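Data first, discussion second: the structure below is written as structure tokens.
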Amino acid sequence: MPELPEVEVIRQGLIPHVVGRQIVAVACSSKKLRLAIPQKDLGRWLKGGRITAIQRRGKYLIFLLESGAAMIVHLGMTGRLGIFPATAPPALHDHVVFSLPEGMQLRYNDIRRFGLIRVLSPDQYREHDPFRDMGCEPLEQEFTGVYLKKMAAGRLQPVKNFLMDNQVVAGIGNIYANEILFHAGILPATPIGSLTLARWEKVAEKTREVLLRAIACGGSSISDFVNSSGQKGYFQLELMVYGRAGEACRQCAATIGRQVIGGRSTFFCPNCQK
DNA sequence: AGGAGCACCTGAGTGC
DNA sequence: TGCACTCAGGTGCTCC
Ligand SMILES: [Zn+2]
């Protein structure tokens with residue numbers, strides 16, 4: 001489900017319900033996500049704490065607490081965060097429930113349990129940047145064609161793998177890597193060593209455009225993505241290549257191709273992308 | 001360095 | 001109705 005746009009949509013949707021509120025209680029299931037849910041630390045640092053901000057880094061959400069502690073959440077493939085009245089019936093695969101004032105709850109649900117929840121104490125959060133190895137944020141000023149060309153120097157991999165490398169750019173997953181390369185007019189298998197600065201500038205520009213447009217659309221709801229209020233996004237209506245193998249290109253009517261690159265389904269227009 | 005293959009999970013879809 | 005198989009928005013491991 002969630003790449004950068006979906007995570008950002010969730011962040012924005014949660015802010016009015018969660019920031020400034022105190023967490024009255026925390027309840028978790030005993031099933032493990034990618035790692036075990038840190039039940040003890042949730043009790044120690046989240047329960048009774050007040051959330052002062054929700055930040056995003058790549059596909060990670062960071063909940064900051066008044067105490068200086070932090071909770072880091074990654075949604076994996078099927079993770080959801082939603083706001084519900086405490087009276088709403090629990091859903092299958094709800095794994096953590098944060099009770100808020102006025103009978104509301106923040107619930108973490110994850111069918112496949114590829115998600116991740118980490119709690120950092122104030123000392124840990126202050127002394128250790130958990131994102132120090134992560135690449136730059138594609139919506140920040142530092143993300144430019146020059147940055148991409150510099151990071152690509154000496155590497156040979158396909159441009160799609162490079163864009164999905166979170167140590168290069170944070171937050172781009174399979175859907176958006178495919179879409180960005182379509183709009184940039186570059187075939188996904190192109191080795192990065194051969195790209196000129198002008199083409200890298202195009203990649204940077206289209207990355208920003210695609211991600212911002214997807215956020216404005218409320219994300220892509222391919223099968224089950226919903227925002228924190230349970231509503232679907234509609235960027236899937238604007239997808240040019242992702243999931244469209246065998247269909248006609250929406251720009252030139254050529255047949256959209258599919259190949260596996262880096263173990264992931266890759267879609268492209270053989271005519272619009274060179 | 002980075003590719004291939006696999007692992008972690010559940011569920012939807014397809015073909016027989 | 002069941003079974004076998006493929007695929008899915010992510011990450012991280014081992015082996016070459
Ligand atoms: Zn085309």
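Just so we're clear, the structure is a prediction, and the values are computed from it rather than from any experiment.
Contacts between residues 239-247 of chain A and DNA chain B, defined by a heavy-atom separation under 4.0 Å, are absent. DNA chain C is contacted by no residue of residues 151-158 of chain A, taking any non-hydrogen atom closer than 4.0 Å.
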Test side chain to side chain contact (heavy atoms under 4.5 Å, CB included) applied to A/Glu142 and A/Tyr147, step by step: CA-CA 7 Å; A/Glu142 57 185 333; A/Tyr147 170 82; 5.8 Å; no
Would A/Phe162 and A/Trp200 count as a ring pair (Phe, Tyr, Trp, His ring centres under 6.0 Å) if you check the C-alpha gap in whole Å, the side-chain angles of each, and the deciding distance to 0.1 Å? CA-CA 12 Å; A/Phe162 179 75; A/Trp200 283 122; 5.3 Å; yes
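In summary, contact between chain A and DNA chain B, defined as any nucleotide atom under 4.0 Å from a heavy atom of the protein, begins and ends at B/dG2 to B/dG11 in the 5' to 3' direction.
Among all heavy-atom pairs drawn from A/Pro138 and A/Leu211, the shortest one is CG-CD1, 3.6 Å.
In this structure, A/Ile222 reaches the bases: a heavy-atom distance under 4.0 Å links it to at least one base atom across the strands shown. At the heavy-atom level, A/Asp110 lies nowhere under 4.0 Å from the strands shown.
If you chain together ILVMFWY residues whose side-chain heavy atoms come under 4.5 Å of each other, A/Leu35 ends up grouped with A/Tyr60, A/Ile62, A/Leu64, A/Ile72, A/Leu116, A/Leu120, A/Tyr125, A/Phe131, A/Met134.
In DNA chain C, runs of at least 3 consecutive Watson-Crick or G-U pairs, each pair with both distances below 3.5 Å, span B:2-8 with C:10-16, B:10-16 with C:2-8.
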In 5'-to-3' order, the base (B), backbone-only (S) or no-contact (-) status of each nucleotide in nucleotides 11-16 of chain C, using a 4.0 angstrom heavy-atom cut-off, is BS----
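The separation of B/dC9 from C/dG2, taken at their P atoms, amounts to 26 Å, rounded to a whole angstrom.
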